[in-house]
Amino acid sequence: MLKRCLHIIFLIGLPLICSSQNKQLADSTNSVQIDNLKKQLLAVKNDSLRIRVIQGIGFSYEVLNLDSSLKYTQIGLALAKEHGYVWGEAALMIDLATILREQGKLAESLDILLKSIEIAKANNVNSEIARANRRLSDIYMDLENFPKAIGYLLQALKIDKENQHKKSALIDEMTLGHAYEKINKLDSASFYINTAFQQPDVFSKQYVYQVMGNIQVKKGNYNQAALFFREGLSISQNDNDLLTASEICADISTLFIKLNIRDSAILYAMRGFEYSEQVSFKKGSMLNGNLLAKLYDSTQPSISLRYYKLAAAAKDSLFGINNIQAIQDLIIKETAKQKELEDAKLAYQNNLRLYGLLAGFAVLLIVAFILFRNNLQRKKANVVLKEQKQKVESTLSELKSTQAQLIQSEKMASLGELTAGIAHEIQNPLNFVNNFSEVSNELIDE
């Protein structure tokens, strides 16, 4: 057991030893990036590009100074509203909500996100609809309402896949892995987190290592968990991502508590608390503060009480009565709105069904009328045909009678001609006899 604990201490210890140097390097890198963006902002004249540059400055400040990040995000949002850039308004509202969440202002963050998603939906800005759903899931993760968080994430993933937003879909899958890990559905968590991990250009890989580490802790694979936590903490420090670094430190401290290695647990909880304080990350302060209060409870009660109060203050900022009440009011309002939309959608579908039935009935009436009319016309046609048939039969009968008469006439004519011919043939000898008689009489007279 001791050998195993020493091995885990060695696996995790290196990133913390190098953290100061890494932080200085990351700070320098981020500062250079911000300076370049500020120079670019002075040169850009196009309002749309200015909004994008300001958004980039606000994003870069997010890991350094939340107040500065908030300042530039609000400037960009005002500019987007002034010039009517709907995509910019939706995007910067989501950025603003993210900053407020990190500051522990969950109610304000939730309110802005619900408004941003309405704007994005009204203008079919699919990328921001998905991102707003993803950010809503973050708030429900903080509230430990993991089924609701998973619901929003699945919506975001569906939109991102339909629109081929591959990088955003990876973030959805990473967060889904985290949510399923929280409710101990480790197979689903491993599926989604491994899907993201296998992609070469995965964003925020430290977050992936953090979730994979927690999965291995729950499976009892502490050495593997230590390796994942070490990689995640190292990347967080290199990128100056103190928010994720603070959470990973809390996870490592929790692992050491499981292994009953108190000094290492204190060391990481202390560093995580420092990270969270540097960037006003209330959740990190609460997590690490509670760990330190627990670790010092039996040995140094005064220190334990101090961290307990700090953690309680951070928790109150996140989950105080007023904050939770405001969140509940927003959720109730949103639920009512969703119900209205569902009722309207159901009513619309029912109307469509009714109209479909009426249209079908109308079609049946038309078909029946056409069939009736065709049947009526067919009967009339049959009557006409019958009359025409009778006429034809009558005409045929007359023709046959006429034909018989003609044949009879022709026979009589032929007989007359024959009789005339015979009479003519008889007349010729008679004429000869008569003429000879006359000649004979003349001769006798002479």
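Both backbone and side-chain heavy atoms feed into the values below; hydrogens, waters and symmetry mates do not.
Residues N214 and F229 are in side-chain contact: their nearest non-hydrogen atoms beyond the backbone lie under 4.5 Å apart. Side-chain contact between Y61 and I57: present, with at least one pair of heavy atoms (C-beta onward) separated by less than 4.5 Å. Proximity of K185 to F191: side-chain heavy atoms (C-beta onward) are nowhere separated by under 4.5 Å. Using a 4.5 Å heavy-atom threshold, the side chains of I94 and L113 count as touching. By the 4.5 Å heavy-atom criterion applied to side chains, L136 and L114 are counted as neighbours. E89 has its side chain within reach of L77: a pair of non-hydrogen atoms, C-beta onward, lies under 4.5 Å apart. The shortest distance between side-chain heavy atoms of E247 and F281 falls below 4.5 Å.
Atom NZ of K309 sits in a sparse spot, with 12 or fewer heavy atoms from other residues, nucleotides or ligands closer than 6.0 Å. Atom CD of Q164 is surrounded by 12 or fewer heavy atoms from other residues, nucleotides or ligands within 6.0 Å. Atom CZ of F59 is surrounded by 12 or fewer heavy atoms from other residues, nucleotides or ligands within 6.0 Å. Within 6.0 Å of CG on D187 lie no more than 12 heavy atoms contributed by other residues, nucleotides or ligands.
Minimum interatomic distance between T73 and G58 (heavy atoms only, all atoms of both residues): OG1-CA, 4.1 Å. Heavy atoms only, all atoms of each residue included: D142 and L106 are closest at OD2-CD2, 3.8 Å. Considering every non-hydrogen atom in both L291 and A250, the closest pair reads CD1-O, 3.5 Å. In terms of heavy-atom proximity, C249 sits nearest to G272 at CB-CA, 3.5 Å. The heavy-atom pair separating S116 from A90 by the smallest distance is CB-O, 4.0 Å. In terms of heavy atoms, R50 sits closest to L79 at CB-CD2, 4.2 Å.
Among the candidates T98, D160, T175, the single residue satisfying the side chain to side chain donor-acceptor pair (under 3.5 Å) test with R134 is D160.
In this structure, a donor-acceptor pair under 3.5 Å is absent between the side chains of N288 and S253. With hydrogens and angles left out, the side-chain atoms of R262 and T299 include a donor and acceptor closer than 3.5 Å.
Ion pairing between a basic and an acidic side chain is recognised when a charged N comes within 4.0 Å of a carboxylate O; D35 and K38 show no such pairing. The existence of a salt bridge linking R131 and E128 is confirmed by a sub-4.0 Å separation between a basic side-chain nitrogen and an acidic carboxylate oxygen. Checked for salt-bridge contact, K121 and E118 miss the test: no charged N lies under 4.0 Å from a carboxylate O.
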Report task. Test side chain to side chain contact (heavy atoms under 4.5 Å, CB included) on I150 and Y180 and set out the steps. Result -> CA-CA 8 Å; I150 289 170; Y180 279 117; 3.6 Å; yes
Report task. Could you please spell out the steps behind the side chain to side chain contact (heavy atoms under 4.5 Å, CB included) verdict for L259 and L255? Result -> CA-CA 6 Å; L259 297 171; L255 174 59; 4.3 Å; yes
Report task. Let me see the working for Q278 and Y275 under side chain to side chain contact (heavy atoms under 4.5 Å, CB included), right down to the final yes or no. Result -> CA-CA 5 Å; Q278 286 179 37; Y275 285 156; 4.2 Å; yes
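Note: H178 and Y207 have perpendicular aromatic rings, judged against thresholds of 30 and 60 degrees for the angle between ring planes. Ring orientation note: the planes of Y307 and F273 are nearly perpendicular, at an angle over 60° on the 30°/60° scale.
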